[in-house]
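If you read the sequence from its start, that first residue is 1, and numbering goes on from there.
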Amino acid sequence: METTIAAIATAPGIGGVGIIRLSGPQALALGKAVFQPAKPNFFARLQTNHLYYGYAVRPINRTVIDETLFVYMQGPRSFTGEDVVELQTHGGYLVLQSILEELYALGARPADPGEYSKRAFLNGRLDLTQAEAIIDIIEANSKAGLDAAVAQLQGKLKIELTGINQKLLRILSYWEAALDFPEDEITDYQVKDARTEILASMAQLQELLRTYQKGKILREGLSLAIIGKPNVGKSSLLNALLGENRAIVTSIPGTTRDTIEEWYNLDGFALKIIDSAGIHNTLDQVERLGVEKSLELFQRADLVCAVFDTSTPMTKDDDDILLLLTKTTKPVILVANKVDKTSNWQPKAEFLSVSAKNGTGLVDLLAEIKDRILLQTVAPINTPLLTRARHVELLQRAYLHLEDLNQALEILPLDFLTIDLRSAWQAIGEVTGDALTDNLLDKIFKEFCLGK
């Protein structure tokens, strides 16, 4: 790339340290223009990947903007594969903006969102799955999600998909050769041999596609819906799990009329706990809207925690909720709350006993929630996880092309068979970046923040 780009690489706002990153053929020259080293003869002994102390200055009159650390990373051994310079200053907005304005005046161009990662991809420093993993690392809201993103950054998904595509490309190359040079009687990869490779590739793709639900959970977290009739202690349970008074709690039934959502880190897993309005028959229009929202939440949640009040006899509303729970396949935890009170209750199923008021049973409840999460997130050993809908759509497309190809192997002529085979290879290549259009590439990298 002929242009040199510059942008703030640290998060917006005031902080102790702010970083400006330059990348491109003029990165070193522009970096030198705005940097005044503290020691003489600095540029004569400049080494790559070393930090140097000095000052950021205005080139026109050499007035000091701020104290600065200067580092030069020579391409291709840099993040982007180009010459990169970073200026590390104090993190004030005015400081960073002043330096950027000087760099732009000297000829640097403002970086587009994700342009550093895009250049790393175009220069062969990352494949597309690794570049997308950077987004997931930045946005990770749990240790489990971070671990999944780091595994993808290390290239595990790329290795798996490259292995599949190499098989397909090998078959395709023989078939193309057989079509172009029929007189040479190329016999390799006849129907039997091709079917073995195609079925093996389909099995690998199917195994990967099975991991998406687990990968999506690790990347985005799970939602836990707390449901029940009014005044069973749903809001009290939310507060007890969070360890803070997040929801208003009163003895008046129907206090909660809307959903309340909070993130909770459960041993490295991101859990969105959602308190909902009580589910019951009501003539109150506002309450009825809350009940409808609770039922909607029940349908969308990954896990359900159904709360019942042990201090009162079971009612028709309780029976209706139990009936509702029998119609779902999602994990459900039945919680018997208010065990600190005198029990008048006859359970009709197996419940976890808790007291949101004094904390009894909360450790067991959290352990049960974690067990339910683990059942949904344990992936096949040594199989990388799919975490993005884009990957799933493309690999499903590749699988269907291979399925059509397998069924047509002994029916259609070779030139028709190569169409499905090439289409499958193309779809997998769009995941790794080996087969991409410029428009799709721009769309993917626009998801990135400005400094990446």
So [Y] and [X], do their side chains get closer than 4.5 Å, heavy atoms only?
| X | Y | answer |
| --- | --- | --- |
| L237 | V307 | yes |
| K234 | L238 | no |
| S236 | K357 | no |

Can you name the residues that form a side-chain contact (heavy atoms from CB on, under 4.5 Å) with [X], not counting sequence neighbours?
| X | answer |
| --- | --- |
| I198 | I171, A194, M202, L402, L405, N406, L409 |
| Q88 | I19, L51, L69, V71, E86 |
| Q154 | V150, K156 |
| Q204 | E160, I164, K167 |

Between [X] (side chain) and [Y] (backbone), is there a donor-acceptor pair under 3.5 Å?
| X | Y | answer |
| --- | --- | --- |
| T211 | L385 | no |
| S353 | A336 | no |
| R21 | V84 | no |
| K330 | A301 | yes |

Inset, instruction - Could you tell me whether R109 atom CZ has more than 12 heavy atoms of other residues or ligands within 6.0 Å of it? - result: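 Result for CZ/R109: enclosed.
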
Inset, instruction - Check the surroundings of atom OH in Y104: do more than 12 heavy atoms from other residues, nucleotides or ligands lie under 6.0 Å from it? - result: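 Count over threshold, so yes.
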
Legend entry - Aromatic ring proximity, centroids under 6.0 angstrom, F79 and Y116: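 Aromatic pair excluded; centres sit 6.0 Å or further apart.
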
Legend entry - Distance-only polar pair, side chains of Q426 and H401, donor-acceptor under 3.5 Å: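 Not at all, the side chains of Q426 and H401 share no donor-acceptor pair under 3.5 Å.
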
Legend entry - Salt bridge present between R119 and E82 (N-O < 4.0 angstrom):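 Salt bridge present between R119 and E82.
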
Inset, instruction - In plain terms, say whether R390 and E430 are close enough for a salt bridge, that is, a side-chain N and a carboxylate O under 4.0 Å apart. - result: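 Judged by the 4.0 Å cut-off on N to carboxylate O distance, R390 and E430 do not form a salt bridge.
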
If you take all heavy atoms of [X] and [Y], which pair is closest and at what distance?
| X | Y | result |
| --- | --- | --- |
| A27 | V85 | O-CG2, 3.6 Å |
| S117 | I134 | OG-CD1, 4.0 Å |
| S235 | D275 | OG-OD2, 2.5 Å |

Inset, instruction - Would you mind listing every ring-ring contact (aromatic ring centres under 6.0 Å, His included) that reaches into residues 55-77, with sequence neighbours excluded? - result: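 Non-adjacent pairs meeting ring-ring contact (aromatic ring centres under 6.0 Å, His included): F35-F70, F42-F70, Y53-Y55.
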
Inset, instruction - Can you sort out the partners of F416 under ring pair (Phe, Tyr, Trp, His ring centres under 6.0 Å), two or more places apart, ordered by chain and number? - result: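 Not a single residue meets the ring pair (Phe, Tyr, Trp, His ring centres under 6.0 Å) criterion with F416.
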
